[in-house]
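Have a look at the structure below, then the notes.
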Amino acid sequence: MRFSVAAIALLATTALGSPLVNVTSGEITQRTCGTYISEEKLITAEKHFAANKVDPSALRPLAADAAAAATLNIYFHVVSKDSTTAGGNVPESQLRDQITVMNEAYAGSGITWTLAGIDRTVNSDWFNRAGPGSSQQTAMKRALRKGGVKDLNVYTVGFVSGSGAGLLGYATFPSDYSGNPTDDGIVMLFSSVPGGSTTNYNLGQTLTHEAGHWVGLYHTFQGGCSGSGDQVSDTPPEASSASGCPTGRDTCSGGGVDPIHNFMDYSYDSCMTEFTAGQITRLKSQMATYRGVSL
């Protein structure tokens with residue numbers, strides 16, 4: 001199921017806009033994800049998906065192999081500016097806690113995440129400047145990436161300057177893989193792991209959110225109150241991303257209050273608690289179609 005690099009280029013891009021950062025303290029004041037797809041490119045992507053969709057049941061293994069088939073590896077690539085925790089050298093204990101958070105979040109999806117490996121690289125240029133489309137992120141991924149289409153590679157960096165300044169993370173979509181396998185994966189802020197130092201975003205849900213993109217989900221506010229939305233019928237339309245944990249927020253008429261508790265919104269980590277049944281159905285089809293995974 002391969003298609004041209006030109007077609008792949010239409011499927012996903014990353015946002016390079018200014019992130020919301022307190023210029024005095026340097027703290028992130030609102031979740032900012034660098035994963036972005038325009039409505040035009042989304043339509044192209046969804047046409048390809050509809051034409052090539054694989055039924056997850058067609059890939060379903062024998063019962064004895066089912067558990068192994070649904071277990072996905074995570075490779076952590078810890079990139080730091082020095083050997084200190086403050087400099088990005090994330091402790092193994094926090095990475096193991098991150099796996100626990102991921103398994104709790106994806107418990108209803110059929111996915112079990114497992115820690116496949118941790119490697120550590122001291123490179124201040126990658127730590128500071130790796131971001132969407134940057135030469136640093138390209139070099140980092142080329143040097144460190146492990147595994148294949150079913151393996152999630154996670155790179156922890158500082159997002160200090162350049163295109164990634166102030167981001168919490170960004171990811172590739174499943175449909176990107178065939179056009180650029182080396183680019184596949186997630187880049188995230190090192191201090192957003194469980195127990196990290198980023199206030200309001202240190203319970204581990206940054207990786208939950210970015211992994212949502214990696215398994216094929218869009219933001220809940222994709223398309224705003226009009227357009228094709230996030231391609232999931234049971235997530236209410238949302239005009240814009242949520243911030244904090246607002247009560248009763250309803251930015252689009254009809255369809256219900258905004259899905260502020262959804263992992264694919266921009267709420268605080270403490271406010272994020274769910275994927276919908278529709279999102280799980282979509283991610284299963286995306287993973288079967290583009291990653292050959294049966295859930």
Side-chain angles (χ1 to χ4, degrees), residues 3 6-20 30-53 105 109 132-133 163 167-177 179 186 205-206 208-268 271-287 289-290:
F3 43 107
I8 287 285
L10 291 172
L11 298 184
T13 56
T14 46
L16 304 180
S18 299
L20 296 176
Q30 179 176 325
R31 182 179 302 279
T32 309
C33 166
T35 309
Y36 171 78
I37 184 168
S38 70
E39 192 68 15
E40 180 183 6
K41 294 174 183 178
L42 183 149
I43 291 170
T44 301
E46 291 307 308
K47 285 182 178 178
H48 183 274
F49 180 42
N52 296 278
K53 187 179 294 186
S109 71
S163 64
L167 292 179
L168 283 173
Y170 62 96
T172 57
F173 292 111
S175 52
D176 298 331
Y177 183 85
I186 293 168
Q205 305 304 0
T206 289
T208 300
H209 176 99
E210 299 303 338
H213 294 310
W214 189 82
V215 299
L217 302 179
Y218 298 125
H219 290 131
T220 53
F221 49 87
Q222 178 71 40
C225 297
S226 59
S228 55
D230 66 351
Q231 307 297 311
V232 177
S233 61
D234 62 356
T235 55
E238 188 176 21
S240 60
S241 58
S243 179
C245 194
T247 301
R249 186 176 191 258
D250 190 1
T251 56
C252 296
S253 60
V257 297
D258 292 355
I260 64 164
H261 298 294
N262 197 281
F263 289 120
M264 301 313 296
D265 205 342
Y266 272 15
S267 309
Y268 287 164
C271 193
M272 290 181 158
T273 59
E274 65 181 12
F275 290 115
T276 67
Q279 286 175 313
I280 290 173
T281 296
R282 176 178 169 84
L283 74 83
K284 287 182 177 181
S285 293
Q286 282 272 311
M287 292 294 280
T289 301
Y290 295 113

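These numbers come from a predicted model, not from an experiment.
- Taken to the nearest 0.5 Å, the OG1 atom of Thr44 stands 11.0 Å off from the NE2 atom of His48.
- Of all the heavy atoms in Pro237 and Gly224, the pair that sits closest is CB-O, 4.3 Å.
- Rounding to the nearest 0.5 Å gives a distance of 7.5 Å between OG1 of Thr172 and CD1 of Ile186.
- How far OG1 of Thr206 is from CZ of Arg31: 4.5 Å, rounded to the nearest 0.5 Å.
- Ser243 and Arg249 form no side-chain donor-acceptor contact under 3.5 Å, judged by distance and modelled atom types alone.
- Taking the six-membered ring wherever Trp is involved, the centroid distance between the rings of Phe173 and Tyr218 falls below 6.0 Å.
- Note on ring orientation: taking the six-membered ring where Trp is involved, the planes of His213 and His219 are perpendicular (angle over 60°, cut-offs 30° and 60°).
- Judged by distance alone, the side chain of Ser267 and the main-chain N or O of Met272 form no donor-acceptor pair under 3.5 Å.
- The backbone N or O of Val232 sits less than 3.5 Å from a side-chain atom of Asp230, completing a donor-acceptor pair.
- Counted by atom type alone, Thr276 and Asp234 present one or more donor-acceptor pairs between their side chains at under 3.5 Å.
- Residues Leu167 and Thr32 are in side-chain contact: their nearest non-hydrogen atoms beyond the backbone lie under 4.5 Å apart.
- When all heavy atoms of Thr251 and Ala239 are compared, the pair lying nearest together is OG1-N, 2.8 Å.
- The two residues Gly216 and Gln286 make their nearest non-hydrogen contact at CA-OE1, 3.5 Å.
- Going from atom CH2 of Trp214 over to atom NE2 of His209 covers 16.0 Å, rounded to the nearest 0.5 Å.
- When Ser175, Pro174, Ser285 are each tested for a side-chain contact (heavy atoms from CB on, under 4.5 Å) with Phe49, only one passes: Ser285.
- Partners of Ser109 under the side-chain hydrogen bond (donor to acceptor under 3.5 Å, both in side chains) rule, at least two apart in sequence or in another chain, do not exist in this structure.
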Inset, instruction - Go through the steps for Phe275 and Leu217 under the test side-chain contact (heavy atoms from CB on, under 4.5 Å), then give the verdict. - result: CA-CA 10 Å; Phe275 290 115; Leu217 302 179; 3.8 Å; yes
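- Judged purely by atom type and a 3.5 angstrom limit, Thr35 uses its side chain to pair as donor or acceptor with the backbone of Ala171.
- The CD atom of Glu46 sits 15.0 Å away from the NZ atom of Lys41 when rounded to the nearest 0.5 Å.
- Shown here for Ile37 and Gln222, the closest heavy-atom pair between the two residues is O-NE2, 3.1 Å.
- The line from CG of Asp265 to SG of Cys245 is 10.0 Å long, rounded to the nearest 0.5 Å.
- Side chain of Tyr266 to backbone of Cys33: a donor-acceptor contact under 3.5 angstrom is found.
- Heavy atoms only, all atoms of each residue included: Pro246 and Ile260 are closest at O-CD1, 2.7 Å.
- In terms of heavy-atom proximity, Pro132 sits nearest to Ser163 at O-OG, 2.8 Å.
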